[in-house]
Amino acid sequence: KFGKTEEGAVWLTADRTSPYQFYQYWLRTEDADVVRLLKLFTFLPLDEIAELETQVEANPGAREAQKKLAWEVTALVHGEASAQSAIDASQALFGGSLEGLDLKTLEDIFAEVPTFEIGRDRLDSGYSIIEALVESGLTSSKGDAKRAIKGGAVNLNNRRIEEESQSILQGDLLHDRLLVLRHGKKKYCLGRVG
């Protein structure tokens, strides 16, 4: 366990803190702390850490030192494959592919976004994307949903919806139980099929 309280703790075991959550913890490191943590928790040569320190001072928005810290510590604790999976999961939030991410990682990524339930029988005949947007709360009305689709602001599993007549089918589900709706750049909702 790393941290003073159990509530905010980061655990080394994947069943207590997933590799994705672990990676995110290190990625959120403050600029003022990142160099010290690189020296404490990685085996990077000091000249490489000094170069990262220079990058933090020159361009703190790039967060190169935090990315390196998150990669190194996650790869050390969980292995390189898990570290790469955590990076892929992070990129999924910014429009990257959701396919190929395991169920636990998907649930971790979207743990804090609103969810809504969908009956499996609704997918058999095709669940209207318009209805899904309204029922998820991402849009306030069918008219609002139609305008959002026409404006190119709606995505299903990070794929843009082009037609307001589109339906969501069984084949659109991730791991046969989830779908991710997005309105704009930051409004997400996770659909769970029951």
Side-chain angles (χ1 to χ4, degrees), residues 14-15 17-28 61-64 66-67 70-71 74 78-194:
D15 61 327
T17 301
S18 72
Y20 170 75
Q21 293 166 325
F22 191 82
Y23 180 85
Q24 289 298 312
Y25 174 82
W26 297 102
L27 195 60
R28 289 188 298 266
R63 303 190 58 80
E64 292 301 322
Q66 285 87 342
K67 291 174 187 174
W71 167 264
T74 305
H78 295 290
E80 288 189 9
S82 292
Q84 186 59 52
S85 178
I87 290 171
D88 295 344
S90 296
Q91 291 171 344
L93 277 175
F94 300 102
S97 176
L98 297 175
E99 282 78 21
L101 296 177
D102 62 74
L103 180 61
K104 174 77 172 114
T105 301
L106 277 170
E107 288 175 334
D108 286 344
I109 294 171
F110 298 106
E112 296 180 21
V113 303
T115 62
F116 72 108
E117 297 295 322
I118 306 163
R120 190 166 292 278
D121 58 320
R122 293 185 77 184
L123 298 174
D124 292 337
S125 57
Y127 179 36
S128 162
I129 191 68
I130 301 290
E131 288 178 27
L133 288 166
V134 174
E135 291 172 16
S136 70
L138 288 175
T139 60
S140 58
S141 66
K142 290 182 178 183
D144 187 25
K146 289 176 183 178
R147 283 188 294 279
I149 291 170
K150 283 183 183 169
V154 176
N155 288 270
L156 171 64
N157 299 335
N158 283 350
R159 289 188 308 270
R160 179 169 288 152
I161 299 297
E162 304 286 344
E163 300 291 326
E164 60 187 63
S165 61
Q166 184 170 334
S167 293
I168 301 170
L169 303 168
Q170 296 275 356
D172 293 317
L173 295 177
L174 301 167
H175 297 283
D176 197 39
R177 67 178 77 166
L178 300 175
L179 59 89
V180 178
L181 283 174
R182 180 167 45 100
H183 178 232
K185 291 185 178 182
K186 296 184 180 178
K187 285 177 63 177
Y188 283 92
C189 195
L190 184 67
R192 293 184 181 277
V193 176

Which value, rounded to the nearest 0.5 Å, describes the distance between Trp71 atom CH2 and Glu80 atom CD?
5.0 Å
Pairwise distance CD1(Ile161) to CD1(Ile149) - rounded to 0.5 angstrom:
7.0 Å
Just so I know, are the side chains of Phe116 and Leu181 near enough to count as touching, which here means a heavy-atom distance under 4.5 Å?
yes
Exercise: identify the closest heavy-atom pair between Leu169 and Gly126
CD2-CA, 3.6 Å
To the nearest 0.5 Å, what is the distance between NZ (Lys150) and CD (Glu162)?
13.5 Å
I need the minimum non-hydrogen distance between Tyr188 and Ala92, along with the two atoms involved.
OH-O, 4.3 Å
Show your working on side-chain contact (heavy atoms from CB on, under 4.5 Å) between Leu173 and Arg120 and close with a plain yes or no.
CA-CA 10 Å; Leu173 295 177; Arg120 190 166 292 278; 3.8 Å; yes
Test side-chain hydrogen bond (donor to acceptor under 3.5 Å, both in side chains) applied to Asp144 and Ser141, step by step:
CA-CA 5 Å; Asp144 187 25; Ser141 66; 5.2 Å; no
Are Tyr20 and Ser90 side-chain neighbours, meaning at least one heavy-atom pair lies under 4.5 Å?
yes
side-chain hydrogen bond (donor to acceptor under 3.5 Å, both in side chains) between Glu163 and Ser165, worked out:
CA-CA 5 Å; Glu163 300 291 326; Ser165 61; 4.6 Å; no
Indicate the ring-plane relationship of His78 and Phe22, choosing parallel, tilted or perpendicular according to the 30° and 60° boundaries.
perpendicular
Inspect the contact between Glu107 and Arg192 and indicate whether a charged nitrogen and a carboxylate oxygen are less than 4.0 angstrom apart.
yes
With a 4.5 Å cut-off on side-chain heavy atoms, are Leu156 and Leu179 touching?
yes
Answer yes or no: is there a side-chain heavy-atom contact under 4.5 Å between Ile87 and Lys67?
no
Could you grab the distance from atom CD of Gln21 to atom OG1 of Thr105, nearest 0.5 Å is fine?
9.5 Å
Inter-residue atom distance Asn157.CG - Arg182.CZ, 0.5 Å rounding
10.5 Å
Please examine the side chains of Tyr25 and Thr17, heavy atoms only from C-beta on, and report whether any two atoms are closer than 4.5 Å.
no
Go through it in stages, so that I can follow the logic: the residues are Lys187 and Val113, the test is side-chain contact (heavy atoms from CB on, under 4.5 Å), and I'd like the CA-CA distance, side-chain angles, deciding distance and then a yes or no.
CA-CA 8 Å; Lys187 285 177 63 177; Val113 303; over 6 Å; no
Close side-chain approach of Val180 to Leu190, heavy-atom, < 4.5 Å:
yes
Atom of Pro19, atom of Thr74 and distance for their closest heavy-atom approach
O-CG2, 4.1 Å
Lys104/Asp108 ion pair, N-O < 4.0 Å
yes
Between Lys142 and Glu164 (salt bridge meaning N to carboxylate O under 4.0 Å), is one present in this structure?
no
For Tyr23 and Ala86, work out which heavy atoms get closest and say how close.
CB-CB, 3.5 Å
Can you name the nearest heavy-atom pair linking Ser167 to Asp172, along with the distance?
O-OD2, 3.8 Å
Would Ile109 and Leu101 satisfy side-chain contact (heavy atoms from CB on, under 4.5 Å), going step by step from the backbone distance to the final call?
CA-CA 10 Å; Ile109 294 171; Leu101 296 177; 3.8 Å; yes
Take Val154 and Leu138 through the side-chain contact (heavy atoms from CB on, under 4.5 Å) test and state the conclusion after the steps.
CA-CA 9 Å; Val154 176; Leu138 288 175; over 6 Å; no
